[in-house]
Amino acid sequence: MPDYIIATPDPVALPIVGTDALFPVRRVYCIGRNYAAHAIEMGHDPDREPPFFFQKNPDNLDPSGAFPYPPHSTDVHHEAEMYAALKSGGSDIAVGDALDHVYGYGLSLDMTRRDLQTEMKKMGRPWEIGKAFERSAPCGPVHPASAVGHLTQGSLTLTVNGETRQQGNLDQMIWKVPEMIAYLSRYFELAAGDVILTGTPAGVGPVDRGDVMVMRVAGLGSLTVRVT
Ligand code: MN
């Protein structure tokens, strides 16, 4: 063991359905505006834009089931997204080979300080302050693809206090999971442990302390997160 000069950070890992073993997280990539109706609600033309990505920090992933309302915002939005977790990676991965790198899938929330993100967009500045804050990605366990297959369609919904807010289908993704992996791998070296949030359908909106969010994706069960 090397002698570290300060305490080493805790490793970030997600539970896996069906085993006590954990999925170690290396990086977190998130795609923007990947469902046409959401792109339109954010004021963009879904047809004419290539994909773009931003990153969250690995330790922003939080399987605890609680989401502490973050400071410096009065407009924190839910974005319900399926994630893909990679078991291997590389550069310049072909679309046809991309799914060979996927270990499994799960449910996540790309929680967003929308007011701060909007301010950063206006100034042409990076989005981290709106996107990559503490515990900004509540998530569920990884479902191995060996058990659930590779999901290309199926409903994705989010309720807040029992009221349906987001409703979409995985088949509405503009860029499919294999295309996202191929595209990202042209610009970054992907590797085992990388997690990709695949975008949110229309219906994003604010939450308040005390709200209970329930996300469901057909084939991946549900994720319940309370805003505290
Ligand atoms: Mn998102």
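When a ligand or atom number is given, it counts from 1 through the structure's own listing order. Below, all heavy atoms of this structure are taken into account, side chains as well, without hydrogens, waters or symmetry copies.
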Salt-bridged, E79 to K131, with N to O below 4.0 Å? yes
All N/O donor-acceptor pairs, side-chain side in residues 20-28, below 3.5 Å, sequence neighbours left out:
| from | atom 1 | to | atom 2 | distance (Å) |
| --- | --- | --- | --- | --- |
| R26 | NH1 | D194 | OD1 | 3.0 |
| R26 | NH1 | D194 | OD2 | 2.9 |
| R27 | NH1 | Y29 | OH | 3.1 |

Which residue pairs pass the ring-ring contact (aromatic ring centres under 6.0 Å, His included) test with at least one member in residues 137-166, sequence neighbours excluded? Y105-H150
Which residue pairs pass the side-chain hydrogen bond (donor to acceptor under 3.5 Å, both in side chains) test with at least one member in residues 36-46, sequence neighbours excluded? R33-H44, H38-E41, D45-R48
Name of the residue among T112, I129, D75 meeting side-chain contact (heavy atoms from CB on, under 4.5 Å) with Q117: T112
Measure from the ring center of F53 to the ring center of W175 and say whether it is less than 6.0 Å. no
Which protein N, O or S atoms lie under 2.8 Å from the Mn ion (ligand 1), given by chain and residue number? E79 OE1, E81 OE2, D110 OD2
